[in-house]
Colleague: 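Pasting a structure here, questions to come.
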Amino acid sequence: MARVHIDLINNSNSKPLPGLSDLELWATAAVGQQREEAEISLLIVDEAEGAELNQQWRNKNGPTNVLSFPSDLPAELGLPLLGDLVICAPVVAKEALEQKKSLSSHWAHMVVHGTLHLLGFDHIDDDQAEEMESLETDILARIGYPDPYQDRE
């Protein structure tokens, strides 16, 4: 099992937020056997900063739940940096409420989802989306969380 270290920067006034140990547990579950060691920089933001970053990097208006920026360091450097995640705390809280999920469960899903993006997974087409959603569901189940997609039609 991987050892994942998270460098956390909290720019959000939202409460409650998950603790560092939970964030590292969720990211570690996502990394699984793919690496022995990994490092992730995680920035937690409020809506204004989330919207600004979403506009800058994805050319989309408004904040989104999670942005992922995989590291582009050459593999031969042997550095464990997976990349950067940005999670918008108010969006996660709003989605959890709308989807009738516990806040902890939705945070776990967002960290797992973002970490899988850092590992190269994506959901651009239906096959990729199905593979990624199945992987997310399996990872979350292993650490005691329900299927995040159980209510989809």
Colleague: Which residues pass the ring-ring contact (aromatic ring centres under 6.0 Å, His included) test with His123, sequence neighbours left out?
Modeller: His113, His117

Colleague: Okay, side chain of Glu24, backbone of Ile6: is any donor-acceptor separation there less than 3.5 Å?
Modeller: yes

Colleague: May I ask you to check whether Ser14 and Ser12 show a side-chain donor-acceptor distance below 3.5 Å?
Modeller: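 Ser12 and Ser14 do have a side-chain donor-acceptor pair below 3.5 Å.
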
Colleague: In Å, rounded to the nearest 0.5 Å, how long is the span from SG of Cys88 to CG of Asn65?
Modeller: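 The CG atom of Asn65 is 8.5 Å from SG of Cys88, to the nearest 0.5 Å.
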
Colleague: Would you please say whether a donor-acceptor pair under 3.5 Å links the side chains of Asp147 and Thr137?
Modeller: yes

Colleague: In terms of hydrophobic clustering (I, L, V, M, F, W, Y; side-chain heavy atoms under 4.5 Å; direct or indirect links), are Leu53 and Leu17 co-clustered?
Modeller: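 In one cluster with Leu53: Leu17, no.
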
Colleague: Would you please name every residue forming a ring-ring contact (aromatic ring centres under 6.0 Å, His included) with His106, sequence neighbours left out?
Modeller: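 With neighbours one apart ignored, the set is empty.
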
Colleague: Taking only residues at least two apart or on different chains, which pairs with a member in residues 74-97 satisfy ring-ring contact (aromatic ring centres under 6.0 Å, His included)?
Modeller: none

Colleague: Suppose the criterion is ring-ring contact (aromatic ring centres under 6.0 Å, His included): which pairs have a residue in residues 48-101, not counting sequence neighbours?
Modeller: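 Matches after skipping sequence neighbours: Trp57-Phe69.
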
Colleague: With a sphere of 6.0 Å drawn around CG of Asp125, does it hold more than 12 non-hydrogen atoms of other residues, nucleotides or ligands?
Modeller: yes

Colleague: Would Val45 and Ile87 satisfy side-chain contact (heavy atoms from CB on, under 4.5 Å), going step by step from the backbone distance to the final call?
Modeller: CA-CA 6 Å; Val45 299; Ile87 298 181; over 6 Å; no

Colleague: Is there any salt bridge (charged side-chain N to carboxylate O under 4.0 Å, His left out) pair reaching into residues 95-115, and which pairs are they, with sequence neighbours excluded?
Modeller: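 Applying salt bridge (charged side-chain N to carboxylate O under 4.0 Å, His left out) to every pair that reaches into residues 95-115, excluding sequence neighbours, yields Lys94-Glu98.
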
Colleague: Taking CD in Glu130 as the centre, count heavy atoms belonging to other residues, nucleotides or ligands within less than 6.0 Å. Is the count above 12?
Modeller: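 Check fails, neighbour count at 12 or below.
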
Colleague: Between CG of Asp126 and CD of Glu133, what distance do you get to the nearest 0.5 Å?
Modeller: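 Atom-to-atom, Asp126:CG and Glu133:CD are 9.5 Å apart.
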
Colleague: Please name all residues satisfying side chain to side chain donor-acceptor pair (under 3.5 Å) with Glu49, sequence neighbours left out, ordered by chain then number.
Modeller: Asn11

Colleague: Membership question, hydrophobic clusters at under 4.5 Å side-chain separation (ILVMFWY): are Leu67 and Val111 in the same one?
Modeller: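 Each belongs to a different hydrophobic cluster.
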
Colleague: For the hydrophobic clusters of this structure (ILVMFWY residues joined by side-chain heavy atoms under 4.5 Å, transitively), does one cluster hold both Trp107 and Ile139?
Modeller: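 Same cluster: Trp107 reaches Ile139 through Ile, Leu, Val, Met, Phe, Trp or Tyr contacts under 4.5 Å.
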
Colleague: Report yes if the side chains of Val31 and Thr115 come closer than 4.5 Å at any heavy-atom pair, otherwise no.
Modeller: yes

Colleague: Of all the heavy-atom pairs spanning Val4 and Ala27, show the shortest one and how long it is.
Modeller: CG1-CB, 3.8 Å

Colleague: side-chain contact (heavy atoms from CB on, under 4.5 Å), that's the test. Do Ile9 and Ile44 meet it? Break it down for me.
Modeller: CA-CA 6 Å; Ile9 298 171; Ile44 299 175; over 6 Å; no

Colleague: We want to know whether Ser104 and Tyr145 form a side-chain donor-acceptor pair, criterion being a heavy-atom distance below 3.5 angstrom.
Modeller: yes

Colleague: Kindly give the heavy-atom pair with the smallest separation between Gly114 and Val66, and that separation in Å.
Modeller: CA-CG2, 4.1 Å

Colleague: Is there a side-chain contact between Asp7 and Ile40 in this structure, where contact means two heavy atoms from C-beta onward sitting under 4.5 Å apart?
Modeller: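 Counting from C-beta outward, Asp7 and Ile40 never come under 4.5 Å.
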
Colleague: So, do Val91 and Thr64 sit near enough that their side-chain heavy atoms are less than 4.5 Å apart?
Modeller: no

Colleague: Give me the atom names and distance for the closest heavy-atom approach of Leu85 to Ser68.
Modeller: CD2-OG, 3.3 Å

Colleague: Quick one: do Ile143 and Phe121 end up in the same hydrophobic cluster if we chain Ile, Leu, Val, Met, Phe, Trp and Tyr together by side-chain heavy atoms under 4.5 Å apart?
Modeller: yes

Colleague: Decide yes or no for Leu81 and Leu73: does some side-chain heavy atom of the first lie under 4.5 Å from some side-chain heavy atom of the second?
Modeller: yes

Colleague: Just by distance, do the side chain of Asp46 and the backbone of Ala48 share a donor-acceptor pair under 3.5 Å?
Modeller: no

Colleague: Test Leu140 against every option in Pro146, Ser105, Pro148 by the side chain to side chain contact (heavy atoms under 4.5 Å, CB included) rule and name the one that passes.
Modeller: Pro148

Colleague: For the residue pair Pro16 and Leu103, establish whether any side-chain heavy-atom pair is separated by less than 4.5 Å.
Modeller: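 Yes, their side chains come closer than 4.5 Å.
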
Colleague: Do you know which two heavy atoms are closest between Ala30 and Leu116, and how far apart they sit?
Modeller: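 Reported closest heavy-atom pair: O-CD2, 4.0 Å.
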
Colleague: Would you call Arg3 and Thr28 a side-chain contact if the rule is heavy atoms closer than 4.5 Å?
Modeller: no

Colleague: Got a donor-acceptor contact below 3.5 angstrom from the Gln128 side chain to the Ile124 backbone?
Modeller: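 Yes, because the side chain of Gln128 sits within donor-acceptor range (under 3.5 Å) of the backbone of Ile124.
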
Colleague: Begin from the C-alpha positions of Trp26 and His109 and carry the test side-chain contact (heavy atoms from CB on, under 4.5 Å) through to its verdict.
Modeller: CA-CA 8 Å; Trp26 302 329; His109 182 209; over 6 Å; no

Colleague: Hydrophobic clustering (ILVMFWY, side-chain heavy atoms < 4.5 Å, transitive) - are Val92 and Leu23 grouped together?
Modeller: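 They do share one cluster, since a chain of ILVMFWY contacts under 4.5 Å joins Leu23 to Val92.
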
